[in-house]
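Read the structure below first, then the notes.
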Amino acid sequence: MSHAELAQRHRRVMPAWLDLYYDEPIELVRGAGRRVTDGEGREYLDFFGGLLATMVGHDVAEVTEAIQAQAGRLLHSSTLYLIRSQVELAERIARLSGIENAKVFFANSGTEAVETALLLATQRRRSHQVLALRGSYHGRSFGTVAATGIRGWSATALSPLAVTYVHSGYRYRSPFGNLDDAGFIAACAEELRTIIETSTAGDVACLLAEPVQGAGGFAVPPDGFFPAMKEVLDDYGILLVSDEVQSGWGRTGRSFFAMNGTGATPDAITFAKGLGNGVAIGGVVAPAELMDCLGAHSISTAGGNPLATTAGVATLDYLLSHDLQANADLVGKRLFAGLRDIADGCPLVGEVRGMGLMIGVELVVPGTRDPAVTATSRVLEAAREHGLLIGRGGLLGNVLRVTPPMTVTAAEADEALAVLRAVLTEVSIVEQKENA
């Protein structure tokens with residue numbers, strides 16, 4: 001069956017709001033390392049990693065064999081029974097989290113993880129008031145959509161929460177963007193304090209924050225931003241929940257969980273995506289006093305199931321034994337420097353930003369800061385034609401997302417940079433001609 005035929009079937013039975021990449025969508029059917037093959041036999045270098053979920057690459061033997069062995073023993077039991085791999089994985093995550101006396105709850109996705117964190121924080125603080133960062137993305141459920149600060153991902157204004165948005169680290173379009181680092185941080189912290197004092201009833205449950213905003217276009221605040229924000233939160237007893245669904249597991253290269261690398265200690269961390277290397281898993285790690293604050297009974301039918309947690313143990317072991325955090329730092333710097341070099345000669349690029357293997361390239365109409373949304377789509381399409389898969393995001397849909405698996409090599413980084421240089425130059429010329 002051709003891609004076109006499969007796309008027709010997809011559109012007949014799947015929701016219209018379920019996005020597909022490319023004018024002619026593709027099906028991925030096989031993968032090995034950082035390369036994937038589509039249903040029509042075309043091979044690509046994968047620099048999107050299944051929306052950052054394929055963290056250590058495709059068909060990694062240690063992970064694949066662990067999943068196959070568990071599938072041959074038992075697929076499911078539920079949390080009403082002891083699950084050895086769940087306990088083992090929780091022990092590892094608790095130890096790596098940097099949170100004292102930590103406990104872990106497993107779910108099936110990042111959305112569920114954030115919902116759980118919101119449940120814990122609102123119960124602990126006896127308040128449904130929540131702070132979130134502008135430009136944030138936290139999931140697709142009723143509660144997480146309510147805390148998402150990107151209009152394009154906010155499907156409804158209805159909400160179970162009272163959400164107030166505060167300034168994020170996205171400086172490129174910020175009214176504080178002209179300030180130096182210290183001035184920017186001071187302005188954001190003061191705005192946070194003012195909003196707490198004037199726009200809330202005071203008893204706020206938490207600030208939900210991505211250390212590096214994912215769908216928001218990989219905005220990275222200056223060093224010192226989160227400690228300054230945390231200092232304000234502590235003055236009011238407000239919890240800090242770090243959404244690490246995209247930034248966890250050493251992907252930023254700086255620390256295992258990105259918030260810990262900022263110098264701020266979160267009260268809870270949500271995680272998902274890469275932990276299962278493609279197998280659905282998510283969860284929350286928090287101190288016992290926060291995790292145990294719920295008074296009602298609860299279970300999880302599928303969260304932390306034997307297959308997913310076995311995949312998690314194998315993925316985490318592989319990541320640590322191969323020091324992929326160091327590789328993310330090393331190859332990430334190579335990609336960042338290469339993209340900055342491309343940007344110097346390409347008026348279509350407004351800014352290159354990010355950390356480790358979370359890199360965003362914001363495209364603008366040359367000579368302005370107007371978002372080049374059409375050009376972004378053209379670059380995405382052209383990169384695929386050249387055999388490279390990348391992502392797209394940002395507040396205005398004009399940011400390229402470069403997020404290869406953490407096993408990516410220097411040679412593969414150079415291969416991707418060559419493609420991006422070619423397609424950005426090509427699209428930039430087209431855009432300048434059209435806008436002349």
Side-chain angles (χ1 to χ4, degrees), residues 50-55 67 70 75-94 96-97 99 102-124 130 132 136-148 160-161 205-206 208-210 214-215 239 241-249 257 259 266-288 290-316:
L51 236 172
L52 291 84
T54 312
M55 182 166 65
I67 293 170
Q70 181 59 48
L75 286 174
H76 177 70
S77 65
S78 95
T79 56
L80 289 168
Y81 304 94
L82 291 170
I83 301 172
R84 185 177 301 273
S85 57
Q86 183 185 72
V87 174
E88 291 175 350
L89 185 57
E91 289 171 339
R92 286 168 168 80
I93 293 171
L96 291 161
S97 70
I99 294 174
K103 289 190 174 183
V104 180
F105 174 80
F106 290 105
N108 298 291
S109 67
T111 291
E112 286 187 45
V114 176
E115 284 281 0
T116 302
L118 289 170
L119 175 64
L120 293 170
T122 54
Q123 171 65 14
R124 179 70 172 174
V130 169
S136 59
Y137 175 82
H138 298 294
R140 54 175 170 71
S141 64
F142 195 40
T144 56
V145 164
T148 288
L161 304 168
C206 67
L208 179 60
E210 298 165 279
L239 303 176
V241 176
S242 184
D243 182 345
E244 306 254 2
V245 169
Q246 296 192 39
S247 62
W249 319 119
F257 285 112
M259 187 62 78
D267 297 287
I269 298 171
T270 65
F271 58 82
K273 287 194 183 288
L275 178 59
N277 203 45
V279 176
I281 192 170
V284 181
V285 55
L290 177 56
M291 187 66 78
D292 293 340
C293 74
L294 302 183
H297 296 293
S298 190
I299 60 171
S300 183
T301 302
N305 69 78
L307 191 70
T309 50
T310 294
V313 169
T315 300
L316 194 50

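All residue numbers in this chain count up from 1 along the given sequence. Keep in mind it's a predicted model, so treat the numbers as computed, not measured.
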key: Side chain S136, main chain A147, donor-acceptor under 3.5 Å   = yes
query = Taking the side chain from T111 and the backbone from R140, do they hold a donor-acceptor pair closer than 3.5 Å?
reply = yes
message = Please verify the inter-ring angle class for F271 with F106; under 30° counts as parallel, over 60° as perpendicular, anything in between as tilted.
response = perpendicular
query = If every non-hydrogen atom of V285 is compared with every non-hydrogen atom of A102, which pair is closest and at what distance?
reply = CG2-CB, 3.8 Å
key: Distance in Å, F257 CZ paired with I93 CD1, rounded so as to fall on 0.5 Å steps   = 6.0 Å
ask   = Hey, what do you get for CG (L307) to CD1 (I67), rounding to the nearest 0.5 Å?
value = 6.0 Å
request  = Would you mind telling me which of V279, L89, L275 makes a side-chain contact (heavy atoms from CB on, under 4.5 Å) with T309?
outcome  = L89
ask   = Is the number of heavy atoms from other residues, nucleotides or ligands within 6.0 Å of CD1 (I299) greater than 12?
value = yes
message = Please check this pair: side chain of T315 against backbone of G312, looking for a donor-acceptor N/O pair closer than 3.5 Å.
response = no
inquiry  = So, taking the atom named OG1 in T122 and the one named CG in L239, what distance separates them when rounded to the nearest 0.5 Å?
reply    = 10.0 Å
task = Search all heavy atoms of C293 against all heavy atoms of L120 and return the closest pair with its distance.
result = SG-O, 3.5 Å
inquiry  = If I take atom CG from residue D243 and atom OG1 from residue T270, how far apart are they, to the nearest 0.5 angstrom?
reply    = 3.5 Å
key: Atom of G282, atom of A113 and distance for their closest heavy-atom approach   = C-CB, 4.4 Å
request  = Could you tell me which non-hydrogen atom of I281 sits nearest to which non-hydrogen atom of G276, and how far apart they are?
outcome  = CG2-N, 3.5 Å
Side-chain H-bond candidate by donor/acceptor type, S247 with E244, under 3.5 Å = yes
query = Are the side chain of E115 and the backbone of G143 linked by a donor-acceptor contact shorter than 3.5 Å?
reply = yes
task = Mark yes or no for whether T301, through its side chain, and S78, through its backbone, hold a donor-acceptor pair below 3.5 Å.
result = no
ask   = Any donor and acceptor pair, going by atom type alone, linking the side chain of N277 with main-chain N or O of M55 inside 3.5 Å?
value = yes
Distance in Å, R124 CZ paired with D292 CG, rounded so as to fall on 0.5 Å steps = 9.5 Å
key: Closest approach of H76 to N305 (non-hydrogen atoms, all atoms of both residues)   = ND1-CB, 4.4 Å
Donor-acceptor contact below 3.5 Å, side chain E210 vs main chain Y137 = yes
request  = Measure the spacing between OG of S97 and CE of M259 and express it to the nearest 0.5 Å.
outcome  = 13.5 Å
note = What one should report as the nearest heavy-atom pair of A286 and A268 is CB-CB, 3.9 Å
Beyond-backbone contact of V130 with V241, side-chain heavy atoms, under 4.5 angstrom = no
message = Determine whether a donor-acceptor pair (N or O, by modelled atom type, separation under 3.5 Å) exists between the side chain of T79 and the backbone of S300.
response = yes
